[in-house]
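Basis for what follows: all heavy atoms, side chains included, without hydrogens, waters or symmetry-related copies. Residue numbers begin at 1 in each chain, while the letters A, B, ... track the order of the sequences.
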There are 2 protein chains.
Amino acid sequence: MITISMNSPVPLHDQIVDQLRRLLATGGLTVGDELPPVRQLAGDLGINLNTVARAYRELTDAGLLASARGRGTVVIATVEAGAEIRQAQRDQIENHIGSAMADAKLAGCGPEETRAMIQRQIARLWGEDQRFPEIAR
Amino acid sequence: MITISMNSPVPLHDQIVDQLRRLLATGGLTVGDELPPVRQLAGDLGINLNTVARAYRELTDAGLLASARGRGTVVIATVEAGAEIRQAQRDQIENHIGSAMADAKLAGCGPEETRAMIQRQIARLWGEDQRFPEIAR
DNA sequence: TGACATTGTATCAAAGACTGATACATTGAG
DNA sequence: CTCAATGTATCAGTCTTTGATACAATGTCA
């Protein structure tokens, strides 16, 4: 469900938060779903339970999860598309996308290969049936 | 030329390295170009010169830049597309792209808006004239 | 009801990374 | 030769991250 990289410069709890947010955004996690106990997930990942607890707490503070002693952690909200976007945030996101695609080019991916990656991700995120007849300018 | 964010969890020198690599991959920097002196860039960004020097050194170690006391830092190599890609690296890149696009959806971007972002980035990376007649599956 | 396993939370310490201040070494210009 | 410009090295301070451990709350089962 979650994978982490010990080599990455991004902290472990941030990696977990990012992936959970991604699952919440893509439908991999929906309201009512229970998350694995901190000890279990920490054990699976081979890290300390505090690190997982911290990730859960950050999302709890964000209003996406709810935790209670003895009862576990559940999803109470998911982020739905259509929310208001600030321009600064939009620029940051486009920058992030551009950075990822630059990495692809940097690693030797050609445009066709990159396009295939994007296609897969679009299908995964917005549904298999979503079609984009053309993306030419 | 370079912008940094003090709020980001990613270290300053990593931010600089990422953006420089991106410039090297996109043609914003080519062989022979001189980089700003560490003191100047550090001053512009409002950070310590060591942080910039570290970023330069990392790229120097990677063989992309060359630095010399008193003479400055110049680009000696750029990364060209077509290099061999390992599968693990490819998966990581696709994961990165997917993460960026998930962020977009998370922030409320619809598929059309995301597609527009991608379109701009493709044009920027692989040239204005590059066309992608369709990206449907 | 009471004991106990399960789960999240809090506290504290250690280790490491990042950033910065400062001094040093090299190059080139005048 | 002098000196400004530039990259490099060293050291210290501060913060973050991670982990070990103990605590608190909830639910289950005898």
Side-chain angles (χ1 to χ4, degrees), chain A residues 1-21 24 29 31-77, chain B residues 1-21 24 29 31-77:
Chain A
M1 183 178 184
I2 303 283
T3 60
I4 57 175
S5 164
M6 302 300 280
N7 303 349
S8 171
V10 26
L12 298 177
H13 64 266
D14 276 328
Q15 294 185 43
I16 298 171
V17 167
D18 288 345
Q19 293 188 52
L20 286 178
R21 291 180 68 94
L24 291 168
L29 281 175
V31 175
D33 285 351
E34 293 188 3
L35 275 70
V38 290
R39 284 170 182 78
Q40 175 183 327
L41 183 52
D44 292 346
L45 297 176
I47 61 178
N48 192 273
L49 83 173
N50 290 312
T51 307
V52 176
R54 176 170 176 178
Y56 282 7
R57 182 164 48 82
E58 289 183 20
L59 291 170
T60 300
D61 293 343
L64 299 177
L65 302 180
S67 294
R69 289 172 171 167
R71 289 191 303 180
T73 304
V74 298
V75 178
I76 60 173
Chain B
M1 183 178 183
I2 302 282
T3 60
I4 57 175
S5 164
M6 302 298 280
N7 303 348
S8 170
V10 24
L12 297 177
H13 64 267
D14 275 327
Q15 293 185 44
I16 297 171
V17 167
D18 289 344
Q19 293 188 52
L20 287 177
R21 290 180 69 93
L24 291 169
L29 281 174
V31 174
D33 286 350
E34 294 188 3
L35 276 70
V38 291
R39 284 170 182 78
Q40 175 183 328
L41 183 51
D44 292 346
L45 297 176
I47 61 178
N48 192 272
L49 82 172
N50 290 313
T51 307
V52 176
R54 176 169 176 178
Y56 283 8
R57 181 163 50 82
E58 289 182 20
L59 290 171
T60 300
D61 293 343
L64 299 177
L65 303 180
S67 293
R69 288 172 172 167
R71 289 191 303 179
T73 304
V74 297
V75 178
I76 60 172

To the nearest Å, give me how far apart [atom1] ([X]) and [atom2] ([N]) are.
X	N	atom1	atom2	result
R54(A)	dT7(C)	CZ	C1'	20 Å
N48(B)	dC11(D)	CG	C1'	13 Å
I47(B)	dA21(C)	CD1	P	11 Å
L12(A)	dA15(C)	CG	P	18 Å
Q40(A)	dT7(C)	CD	P	8 Å
L49(A)	dT6(C)	CG	P	15 Å

Closest-nucleotide ordering on DNA chain D, the 5'-leading residue of R71(A) and H13(A): H13(A)

So, is [X] close to the [N] phosphate, meaning a side-chain N or O under 4.0 Å from OP1 or OP2?
X	N	result
R57(B)	dT8(D)	no
T73(B)	dG7(D)	yes
T51(B)	dG20(C)	yes

Nearest non-hydrogen partners of S8(A) and S5(A), listed with the distance: N-OG, 3.4 Å

Let me spell it out: for each of N50(B) and D14(B), pick the nucleotide of DNA chain C with the closest heavy atom. Which residue's pick is nearer the 5' end? D14(B)

